[in-house]
Peer 1: 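Here it is: the structure, laid out below.
Keep in mind that what you see is a predicted model, and the values were worked out from it rather than measured.
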Amino acid sequence: MTGPFLPHVPLTTRRLVLRQPSFDDVPRLALYAGDIDVARMLVAVPHPYTEAHASAFVGDVLASNLAGDSLALALARLREPHAFIGMITFTRQGRAATIGWWLGKPYWGRGFATEAVVAMAGLAFRDPAIDLLKAGAFEDNPGSLRVHEKTGFVRTGLSSRASKARGTTVSHVEMELTREAFAALSLAPTSAKGGV
């Protein structure tokens, strides 16, 4: 049995493929998640992060993707679909889902996260039971906060979350994206083109 989202995987964007992770991704997953600059911006990733951590993570992800309440996909460039560059996930909780993502440091600042978030949000909202996406980032992560804002998320508050890699709690910006806001964002480029 497969979850309701897997039949739509892989997803493609202009430059990316969002696909099921595989054990072939373990070396690159460990390399990028093991970078302290990446790990310190995530809640659950310890530092150091080893290939054993990465292998256990991939096994857990493949099992939970089948169960269907969550989905975690590897990110890769279309031109190198087997070369892992990051992860994107969502977990459903009632009528909401929490979405999160990260990219290896060599791929920061190139718009890849924005493409991936738009694709994953579109997939989440295919489920008529999901009305809201929740997300967030540590307050000292301006790059991720910019991605949230570009993809229609709005700030709803501030909390404190533990960062395993830092070994302390960090101020965390909470954000939300409604189905209506995402639909408006998705339609904007089409209507702009239509008016030309």
Peer 1: Check whether any side-chain N or O of R40 sits under 3.5 Å from a backbone N or O of A165 as a donor-acceptor pair, and report yes or no.
Peer 2: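 Absent.
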
Peer 1: Within the side chain of R19, is there an N or O that forms a donor-acceptor pair under 3.5 Å with the backbone of A76?
Peer 2: no

Peer 1: Could you pull out all residues at least two apart from H53 that satisfy ring pair (Phe, Tyr, Trp, His ring centres under 6.0 Å)?
Peer 2: Y49

Peer 1: Starting from L73, can I reach F23 by hopping between I/L/V/M/F/W/Y residues whose side chains sit under 4.5 Å apart?
Peer 2: yes

Peer 1: Using modelled atom types only, decide if a donor and an acceptor are shared between the side chain of E115 and the backbone of R15 within a distance under 3.5 Å.
Peer 2: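 It does hold such a pair.
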
Peer 1: I'd like to know if the side chain of R179 and the backbone of I130 have a donor-acceptor N/O pair within less than 3.5 Å.
Peer 2: yes

Peer 1: Return the set of residues passing salt bridge (charged side-chain N to carboxylate O under 4.0 Å, His left out) with R146 (not counting sequence neighbours), or none when no residue passes.
Peer 2: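 If we apply the salt bridge (charged side-chain N to carboxylate O under 4.0 Å, His left out) test to R146, skipping adjacent residues, there are no hits.
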
Peer 1: Mind checking whether I36 and V38 sit in one hydrophobic cluster, side chains of I, L, V, M, F, W, Y counted as touching below 4.5 Å?
Peer 2: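 Shared cluster, no.
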
Peer 1: Do N65 side-chain atoms and A72 backbone N/O form a donor-acceptor pair below 3.5 Å?
Peer 2: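 Present.
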
Peer 1: Report all side-chain donor-acceptor pairs from residues 82-90 shorter than 3.5 Å, counting only partners two or more places apart or in another chain.
Peer 2:
none

Peer 1: Show your working on side-chain contact (heavy atoms from CB on, under 4.5 Å) between S144 and W101 and close with a plain yes or no.
Peer 2: CA-CA 9 Å; S144 188; W101 62 87; 4.0 Å; yes

Peer 1: Grab the two heavy atoms, one from F153 and one from V117, that are nearest each other, plus how far apart they are.
Peer 2: CE1-CG1, 4.2 Å

Peer 1: Taking the side chain as every heavy atom from C-beta outward, state whether F57 and D25 have any atom pair closer than 4.5 Å.
Peer 2: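 No, every pair of side-chain atoms sits at 4.5 Å or beyond.
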
Peer 1: With heavy-atom distances below 4.5 Å as the criterion, would you say the side chains of L123 and L71 are in contact?
Peer 2: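 Contact flag for L123/L71 side chains = yes.
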
Peer 1: So which heavy atom on F182 is nearest to which on V118, and how close?
Peer 2: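 The pair with the smallest heavy-atom distance is CZ-O, 3.5 Å.
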
Peer 1: Would you mind reporting whether V173 and L158 have side-chain heavy atoms less than 4.5 Å apart?
Peer 2: yes

Peer 1: What residues form a ring pair (Phe, Tyr, Trp, His ring centres under 6.0 Å) with Y107, not counting sequence neighbours?
Peer 2: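 If we apply the ring pair (Phe, Tyr, Trp, His ring centres under 6.0 Å) test to Y107, skipping adjacent residues, the hits are Y32.
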
Peer 1: Are Q20 and L62 packed together at the side-chain level, in the sense that at least one heavy-atom pair is separated by less than 4.5 angstrom?
Peer 2: yes

Peer 1: For F5, is the NZ or CZ atom of R92 found under 6.0 angstrom from the centre of its six-membered ring and inside 45 degrees of the ring axis?
Peer 2: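 Output no; distance or angle outside limits.
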
Peer 1: Rounded at 0.5 Å granularity, tell me how far OG in S70 sits from CD1 in I99.
Peer 2: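 Separation between the atoms: 12.5 Å.
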
Peer 1: Looking at residues at least two apart in the chain, or sitting in another chain, which of them share a side chain to side chain contact (heavy atoms under 4.5 Å, CB included) with S159?
Peer 2: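 R161, H172, E174.
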
Peer 1: Compare every heavy atom of T13 with every heavy atom of A119, then report the nearest pair and how far apart it is.
Peer 2: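 Nearest heavy atoms, A119 then T13: CB-CG2, 3.7 Å.
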
Peer 1: Could you give the distance from CG (L42) to CZ (R166), rounded to the nearest 0.5 Å?
Peer 2: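 Here the interatomic distance stands at 9.5 Å.
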
Peer 1: Measure the spacing between CZ of F125 and CG of L177 and express it to the nearest 0.5 Å.
Peer 2: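 One finds 4.5 Å between CZ of F125 and CG of L177.
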
Peer 1: Contact between D140 and M41 at the side-chain level, heavy atoms closer than 4.5 Å - yes or no?
Peer 2: yes

Peer 1: Atom CG of D69 and atom CD of Q93: how far apart are they, to the nearest 0.5 Å?
Peer 2: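 Rounded to the nearest 0.5 Å, the CG-CD separation comes out at 9.5 Å.
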
Peer 1: With R110, which residues qualify under salt bridge (charged side-chain N to carboxylate O under 4.0 Å, His left out), at least two apart?
Peer 2: none

Peer 1: Honestly curious: do F112 and L145 fall in one hydrophobic cluster under the side-chain, below-4.5 Å linking rule?
Peer 2: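 Yes, same cluster.
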
Peer 1: Calculate, to the nearest 0.5 Å, the distance between atoms NZ and OG1 belonging to K134 and T91 respectively.
Peer 2: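 OG1 of T91 is found 12.5 Å from NZ of K134.
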
Peer 1: How far apart are the closest heavy atoms of A135 and H148, and which atoms are they?
Peer 2: CB-NE2, 3.5 Å

Peer 1: To the nearest 0.5 Å, what is the distance between CG on L29 and CD on E51?
Peer 2: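 Reported value, rounded in 0.5 Å steps: 9.0 Å.
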
Peer 1: If we only count heavy atoms from C-beta on, is the L75 to L103 side-chain gap below 4.5 Å?
Peer 2: yes

Peer 1: With heavy-atom distances below 4.5 Å as the criterion, would you say the side chains of V9 and L18 are in contact?
Peer 2: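 Of all side-chain heavy-atom pairs linking L18 with V9, none is under 4.5 Å.
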
Peer 1: Pair R77, L16 - check side-chain contact (heavy atoms from CB on, under 4.5 Å), show working.
Peer 2: CA-CA 4 Å; R77 290 182 293 181; L16 298 176; 4.3 Å; yes

Peer 1: Which heavy atom in A33 sits nearest to a heavy atom in A39, and how many Å separate them?
Peer 2: O-CB, 3.5 Å

Peer 1: For the residue pair V45 and K164, what are the closest heavy atoms and their distance?
Peer 2: O-CB, 3.7 Å

